[in-house]
Novice: 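Once you've had a glance at the structure underneath, I'll fire off some questions.
Only heavy atoms go into these numbers, but all of them, side chains included; no hydrogens, no water, no symmetry mates.
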Amino acid sequence: MELFAPATGAYRTGLAKPTAVYAAGGSGGEGTRPRETAGPLAERLGKTVLTTYAKGSESALAAEVARRTEPTLISWQHEEIPALAAAFGVAAPRKWPDDRFDVVWVLTPAGSGWALSQVPQLLLAGDSAEPIK
């Protein structure tokens, strides 16, 4: 939460205050963790977590978010983040490691497409500054 809504201080380089928060929807256990992760942040920002899209609908989500002009946060199942990046047309690592929960992928409009950067969280002991490859 401190990365996207710091109580004090400035935002980390490469990050901005989200004006919308999306999280993977779905029923049952699918998507529960992304919603639980995004919920407290959305509450702090005075936003509702948008859960219209579930695993498998990455292309539709990317199309909707691509029409936005303001910073948008998407909380997604880590194993499906590469598919989400691909839906934006971004060249990204094809697999998200099972043991990485310490990096944010940031997509920025670049020409007619998107550029990918990786911002390390560095919030907990053991977090890595290394990008996902």
Side-chain angles (χ1 to χ4, degrees):
M1 183 164 27
E2 287 300 312
L3 282 175
F4 300 103
T8 60
Y11 285 86
R12 183 162 304 162
T13 300
L15 299 180
K17 180 180 179 179
T19 60
V21 178
Y22 288 79
S27 59
E30 183 180 318
T32 300
R33 185 68 178 149
R35 290 191 301 272
E36 291 171 349
T37 299
L41 171 64
E43 185 176 320
R44 181 182 275 188
L45 296 172
K47 306 290 180 192
T48 299
V49 178
L50 304 168
T51 59
T52 309
Y53 302 98
K55 177 180 174 180
S57 57
E58 289 83 6
S59 293
L61 173 59
E64 180 172 320
V65 171
R67 290 189 293 271
R68 297 185 48 79
T69 59
E70 297 175 323
T72 302
L73 177 73
I74 301 172
S75 179
W76 212 248
Q77 294 97 330
H78 73 275
E79 66 274 3
E80 299 302 326
I81 293 173
L84 185 55
F88 279 93
V90 172
R94 299 180 89 180
K95 182 173 181 348
W96 190 282
D98 290 336
D99 62 348
R100 291 296 301 270
F101 302 96
D102 58 357
V103 66
V104 177
W105 282 6
V106 177
L107 303 180
T108 307
S112 62
W114 297 87
L116 170 71
S117 61
Q118 298 187 45
V119 177
Q121 294 180 13
L122 303 175
L123 296 172
L124 302 173
D127 279 2
S128 175
E130 293 297 314
I132 293 174
K133 298 179 183 187

Novice: Report the C-alpha distance between L122 and R12 in whole Å, list the side-chain angles of each, state the deciding distance to 0.1 Å, and finish with yes or no for side chain to side chain contact (heavy atoms under 4.5 Å, CB included).
Specialist: CA-CA 11 Å; L122 303 175; R12 183 162 304 162; 4.2 Å; yes
Novice: Roughly how far, to the nearest 0.5 Å, is CG of L73 from NZ of K17?
Specialist: 13.5 Å
Novice: Please round to the nearest 0.5 Å and tell me the distance separating atom NZ of K95 and atom CZ of R100.
Specialist: 12.5 Å
Novice: List the steps, then state whether side chain to side chain contact (heavy atoms under 4.5 Å, CB included) holds for E43 with V49.
Specialist: CA-CA 8 Å; E43 185 176 320; V49 178; over 6 Å; no
Novice: Taking L15 as the starting point, is it possible to reach V90 by hopping between hydrophobic residues whose side chains are less than 4.5 Å apart?
Specialist: no
Novice: Does CZ belonging to R68 count more than 12 external heavy atoms closer than 6.0 Å?
Specialist: yes
Novice: Can a donor-acceptor pair be found, under 3.5 Å and without considering hydrogens, that links the side chain of S75 to the backbone of A23?
Specialist: no
Novice: Between W96 and W76, is the ring centre distance below 6.0 Å?
Specialist: no
Novice: Hey, quick one: are F88 and W105 part of the same hydrophobic cluster, counting side-chain heavy atoms closer than 4.5 Å, chains of contacts allowed?
Specialist: yes
Novice: Are any non-hydrogen side-chain atoms of P97 and I132 less than 4.5 angstrom apart?
Specialist: yes
Novice: One pair to check against salt bridge (Lys or Arg N to Asp or Glu O under 4.0 Å): R44 and E2. What are the steps and the verdict?
Specialist: CA-CA 10 Å; R44 181 182 275 188; E2 287 300 312; 2.9 Å; yes
Novice: Is there a path from F101 to V21 through hydrophobic residues (I, L, V, M, F, W, Y) whose side chains come within less than 4.5 Å of each other?
Specialist: no
Novice: List the atom of P120, the atom of A129, and the distance in Å for their closest heavy-atom pair.
Specialist: CB-CA, 3.8 Å
Novice: Which pair of heavy atoms, one from A87 and one from E58, lies closest together, and at what distance?
Specialist: CB-O, 3.6 Å
Novice: With a 4.5 Å limit on heavy-atom distance, are the side chains of V104 and F4 in contact?
Specialist: yes
Novice: For residues V119 and V103: do they belong to one hydrophobic cluster (side chain heavy atoms under 4.5 Å, members Ile, Leu, Val, Met, Phe, Trp, Tyr)?
Specialist: no
Novice: Any non-hydrogen side-chain atom of Y53 less than 4.5 Å from a side-chain atom of S59?
Specialist: no
Novice: Is it true that a side-chain atom of T19 and a backbone atom of P71 form a donor plus acceptor pair closer than 3.5 Å?
Specialist: yes
Novice: Is the closest side-chain heavy-atom distance between P109 and W114 below 4.5 Å?
Specialist: yes
Novice: Say you draw a straight line from CD of E79 to CG of D98; how long is it, rounded to the nearest 0.5 Å?
Specialist: 7.5 Å
Novice: Membership question, hydrophobic clusters at under 4.5 Å side-chain separation (ILVMFWY): are L116 and I74 in the same one?
Specialist: yes
Novice: What I'd like to find out is whether the side chain of D99 reaches to under 4.5 Å of the side chain of S128, using heavy atoms alone.
Specialist: no
Novice: Do L84 and L61 have side chains that approach each other closer than 4.5 Å (heavy atoms only, starting at C-beta)?
Specialist: yes
